[in-house]
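The structure appears below as structure tokens.
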Number of protein chains: 2
Amino acid sequence: MSTHEPEAGRFVYKYPHPAVASDLAIFGLRGGRLMILLIRRGGEPFLGSWALPGGFLNPTEDLDACARRELQEETGLEVAYLKQFGIFSAPDRDPRERVISVAYLALVPADRVNPEAGSDAADVAWRFVDDLPPLAFDHAEIIREATAALRREAEGLEILLNLMPRRFTLSRLQSAYEAICGASADKRNFRARILASGLVEATEEMERGSHRPAQLYERRPKVLNGE
Amino acid sequence: MSTHEPEAGRFVYKYPHPAVASDLAIFGLRGGRLMILLIRRGGEPFLGSWALPGGFLNPTEDLDACARRELQEETGLEVAYLKQFGIFSAPDRDPRERVISVAYLALVPADRVNPEAGSDAADVAWRFVDDLPPLAFDHAEIIREATAALRREAEGLEILLNLMPRRFTLSRLQSAYEAICGASADKRNFRARILASGLVEATEEMERGSHRPAQLYERRPKVLNGE
DNA sequence: CCAAAAGTGTTACTCGTACACCCATGT
DNA sequence: ACATGGGTGTACGAGTAACACTTTTGG
């Protein structure tokens, strides 16, 4: 449950201190639907329940580092985006002791959506965001807020690129937008908007299937000034 | 420095726990300039330095409650707006022990800008945001981020109402906008925009001075649906 | 030839912005 | 009378939203 040196030191304080942890809402896409990565808890409380990956803050790292480390340890995923979006501090949200949770939003590109890699946890699985199992602690609430934060950001389009594989069609991008925002968008307007934004550029490659081939695009590297 | 029961209990944990505190960036307006409330520290470290008001989280309250309580204890102010905007968690930001700071943005209406009321701290004072003294800890950084957050929100106008007295002229409101966003706005456009927003309504009252009397407006009570 | 998804332009409307003069009061 | 801020309307451009048909491939 924690990665501190396990030789059970005793840490004494004059006033009560909460434990501080980061929890990760890691989103990805599969089949055009929004998914979130859950782990099955291997210890009490909530043994066997699904929960967000996360863990306690180490003494030498800040919260961003903690989130990155937990991400690595529990899922082995490389994420394209990681940002703190909320804090959950109800005094009794963890029955063991007081735990303040700093919640992070993470996005995984669709071509590296295979978690098992470096997995610490007993069990890791992608679940549809709109069909979740019962969750440990207040993690259902955290996911609601994470989804809302993601939706808010998706309006700006840029964040969606973090859910795309290296090369992608504009249809895939639009489908990501629709999966996240709920609403369906007009194809022509969407394409015009994303092209006008300068965030992507066309490659020479085409994607083929049993339909007309589609232009593949990729994220344009960030430019700092001009052009 | 802390408001916990002072009978020095000993709190023992298996792993190191940080202290958790909330710090408050409390903004107000005076003479059309943006000010922030600072306290002078009455203890080590940084004895005598200016700092943001704030204090440690109690075991039975969540972070919002902690921020509200510290606000009351240290300044006695009633605020019209209080919202968490960031977390500061560098491992060495406090020389005594590790402290995670959850930072809040607070706004005080221009007619209750008198802090001394219920003051806990040795000294409390409003300072211009663009002319600050040296500050304790990483509070200069916290203020930079608070100001940026405030500016971002001020674009939407609504938050500005929290800096206004109960009744105010549109010129005052515009001047607040300009103080926060730096840019100067066109009077006609600003008025059209704020009126179109439906956030305010005209009262029967006028403000008088050595110039043409100005219509006083007040915040329109929130309506939930429709007209 | 059918199914499936790709691709493409124009028009109407809304919103933001630029811009300059007269008005009512206090001194 | 003059100084001080209050108050007002319009025209242009940019960006957003609505709208339907043709194209290319695989099976």
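Reminder, nothing fancy here: chain letters follow the sequence lines and each chain counts from 1.
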*Does A/Asp186 or A/Arg208 map to a spot on DNA chain D nearer the 5' end, using the closest nucleotide for each?*
A/Asp186
Below 3.5 Å between N/O atoms, which protein atoms pair up with nucleotides 2-7 of chain C? Just atom names and distances, please.
| unit_1 | atom_1 | unit_2 | atom_2 | d |
| --- | --- | --- | --- | --- |
| C/dA6 | OP1 | A/Ser171 | OG | 2.5 |
| C/dA6 | OP2 | A/Ser171 | OG | 2.7 |
| C/dA6 | O3' | A/Pro213 | O | 3.4 |
| C/dA6 | N7 | A/Lys187 | NZ | 3.3 |
| C/dA6 | N3 | A/Arg212 | NH1 | 3.4 |
| C/dG7 | OP1 | A/Gln215 | N | 2.7 |
| C/dG7 | OP2 | A/Arg191 | NH2 | 2.7 |
| C/dG7 | O5' | A/Arg191 | NH2 | 3.2 |
| C/dG7 | N7 | A/Lys187 | NZ | 2.7 |
| C/dG7 | O6 | A/Lys187 | NZ | 3.1 |

_Side chains of B/Met164 and B/Leu173 in contact at under 4.5 Å (non-hydrogen atoms)_ = yes
*Heavy-atom distance under 4.5 Å between the side chains of B/Leu107 and B/Val79, does that happen here?*
no
*asked:* Side chains of A/Ile100 and B/Leu57, heavy atoms from C-beta outward: is any pair under 4.5 Å?
replied: yes
For nucleotides 10-15 of chain C, give me every protein contact, N/O to N/O, under 3.5 Å, one pair per line with atom names.
none

*Can A/Glu158 and A/Tyr81 be counted as having a side-chain donor-acceptor contact under 3.5 angstrom?*
no
*Do the non-hydrogen side-chain atoms of A/Phe27 and A/Leu34 ever get within less than 4.5 Å of each other?*
yes
*Atom pair CD (B/Glu201) and CD (B/Glu218), whose distance is rounded to the nearest 0.5 Å*: 5.5 Å
*State yes or no: are the ring centers of B/Phe168 and B/Tyr217 separated by less than 6.0 Å?*
no
*Should the pair B/Asp64-B/Lys83 be classified as a salt bridge under the 4.0 Å nitrogen-to-oxygen rule?*
no
*Is the number of heavy atoms from other residues, nucleotides or ligands within 6.0 Å of CD (B/Glu155) greater than 12?*
yes
*What is the minimum heavy-atom distance between A/Phe46 and A/Arg41, and which atoms define it?*
O-CB, 3.5 Å
*Mind checking which nucleotides bracket the chain B contacts on DNA chain D, 5' to 3', with an atom under 4.0 Å from a heavy atom?*
D/dT4 to D/dG9
